[in-house]
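Okay, structure first, notes after.
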Amino acid sequence: MSAAGAAAGASLGPFSVSPFDQHYGLEIVSLGEGVAEARLETGPQHAQPTGVVHGGVYCAIAEAIASEGTNHAVRPSGRVGMGLSNSTNFLRSAPVPGVLVARAEALHRGRTTWVWDVTIGDEAGAVRYAVTRMVIAVRDLPAD
């Protein structure tokens with residue numbers, strides 16, 4: 001892939017992720033009307049020294065799926081969504097290795113901002129590891 005293609009986001013299956021999200025292994029599994037879901041298989045590269053998932057991983061997942069969910073809706077009209085605020089609360093440590101599953105729901109879909117709630121848990125949906133309130137700024141795409 002060219003540098004320009006990488007900057008635009010790599011296509012992985014039916015959805016694209018940023019080069020950063022691709023680097024840590026995020027998989028966007030679904031995008032819909034105000035909902036988004038993602039999955040990450042964690043390994044040693046995602047761990048803090050205590051052997052559990054690093055808090056920054058949860059923050060990155062939340063921003064990625066809220067941004068992608070917003071972009072899914074606004075890009076066709078020439079707009080782009082970018083993270084404005086990320087407030088993540090850690091509820092429980094996730095073991096490494098493991099699988100994180102994230103689900104985002106849009107609470108507000110405005111002209112200049114979208115607000116999302118993101119929950120990150122285990123595959124069975126039995127354990128919640130983190131919850132995030134994400135605010136996405138919506139702006140016009142810059143001219144080339």
Side-chain angles (χ1 to χ4, degrees), residues 3 5-143:
S11 180
L12 298 177
F15 308 112
S16 64
V17 296
S18 73
F20 173 70
D21 297 321
Q22 184 180 13
H23 175 73
Y24 71 89
L26 186 67
E27 176 188 0
I28 304 290
V29 295
S30 69
L31 292 172
E33 281 298 313
V35 295
E37 294 182 344
R39 181 177 188 282
L40 176 68
E41 291 187 28
T42 63
Q45 71 275 24
H46 301 106
Q48 58 175 277
T50 60
V52 299
V53 174
H54 189 284
V57 173
Y58 302 109
C59 298
I61 292 170
E63 182 158 347
I65 66 172
S67 294
E68 287 300 322
T70 303
N71 283 315
H72 180 71
V74 304
R75 288 291 293 259
S77 64
R79 310 209 63 189
V80 63
M82 299 172 279
L84 181 63
S85 173
N86 182 327
S87 177
T88 299
N89 293 285
F90 309 110
L91 307 175
R92 179 176 293 184
S93 298
V96 173
V99 175
L100 299 178
V101 175
R103 178 173 170 76
E105 179 182 353
L107 303 177
H108 169 74
R109 294 186 268 182
R111 186 178 61 78
T112 60
T113 59
W114 282 42
V115 179
W116 294 80
D117 270 349
V118 181
T119 302
I120 302 172
D122 67 349
E123 280 188 292
V127 178
R128 287 188 180 161
Y129 299 121
V131 293
T132 300
R133 174 65 51 93
M134 221 26 249
V135 180
I136 303 295
V138 178
R139 303 293 183 255
D140 291 331
L141 275 170

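Heavy-atom neighbours of Gln45 CD from other residues, nucleotides or ligands within 6.0 Å: above the threshold of 12. Enclosure of atom CZ in Arg139 by more than 12 non-hydrogen atoms of other residues, nucleotides or ligands within 6.0 angstrom is indicated. Environment of NE2 in His108: crowded, with over 12 heavy atoms of neighbouring residues, nucleotides or ligands closer than 6.0 Å.
With respect to the salt-bridge test (charged N to carboxylate O, under 4.0 angstrom), the residues Glu37 and Arg39 do not qualify.
A distance of 5.0 Å separates CZ of Arg75 from CG of Leu141, quoted to the nearest 0.5 Å. Between Thr132 atom OG1 and Asn89 atom CG the span is 7.5 Å, to the nearest 0.5 Å. The distance from atom OG of Ser30 to atom CZ of Arg103, rounded to the nearest 0.5 Å, is 7.0 Å. To the nearest 0.5 Å, atom OG1 of residue Thr70 and atom CG of residue Leu31 are 10.0 Å apart.
A pairwise comparison of heavy atoms in Ala102 and Ile120 identifies CB-CG1, 3.8 Å as the closest pair.
Between the side chain of Asp21 and the backbone N or O of Leu26 there is no donor-acceptor pair closer than 3.5 Å. Using a distance-only test at 3.5 Å, with no hydrogens or angles considered, a donor-acceptor pair links the side chain of Asn71 to the main chain of Gly81. Checking side-chain atoms of Thr42 against main-chain N and O of Val96 turns up no donor-acceptor pair under 3.5 Å. The main-chain N or O of Tyr24 is found under 3.5 Å from a side-chain atom of His46 such that the two form a donor-acceptor pair.
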query: What's the verdict on side-chain contact (heavy atoms from CB on, under 4.5 Å) for Glu68 and Val17, showing C-alpha distance, side-chain angles and the deciding distance?
result: CA-CA 8 Å; Glu68 287 300 322; Val17 296; 5.6 Å; no
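For the side chain to side chain contact (heavy atoms under 4.5 Å, CB included) with Trp116, the lone residue among Val35, Ile136, Val135 that qualifies is Ile136.
The side-chain heavy atoms of Tyr129 and Val53, taken from C-beta on, include no pair separated by under 4.5 Å. At least one side-chain heavy atom of Arg133 sits less than 4.5 Å from a side-chain heavy atom of Asp117. Inter-residue side-chain proximity for Arg79 and Arg111 is flagged as met; some heavy-atom pair is nearer than 4.5 Å.
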Show every donor-acceptor pair shorter than 3.5 Å between a side-chain atom in residues 57-67 and any protein atom, with sequence neighbours excluded, or say none if there are none.
residue, atom, partner, partner atom, Å
Tyr58, OH, Ala94, N, 3.4
Ser67, OG, Glu63, O, 2.9

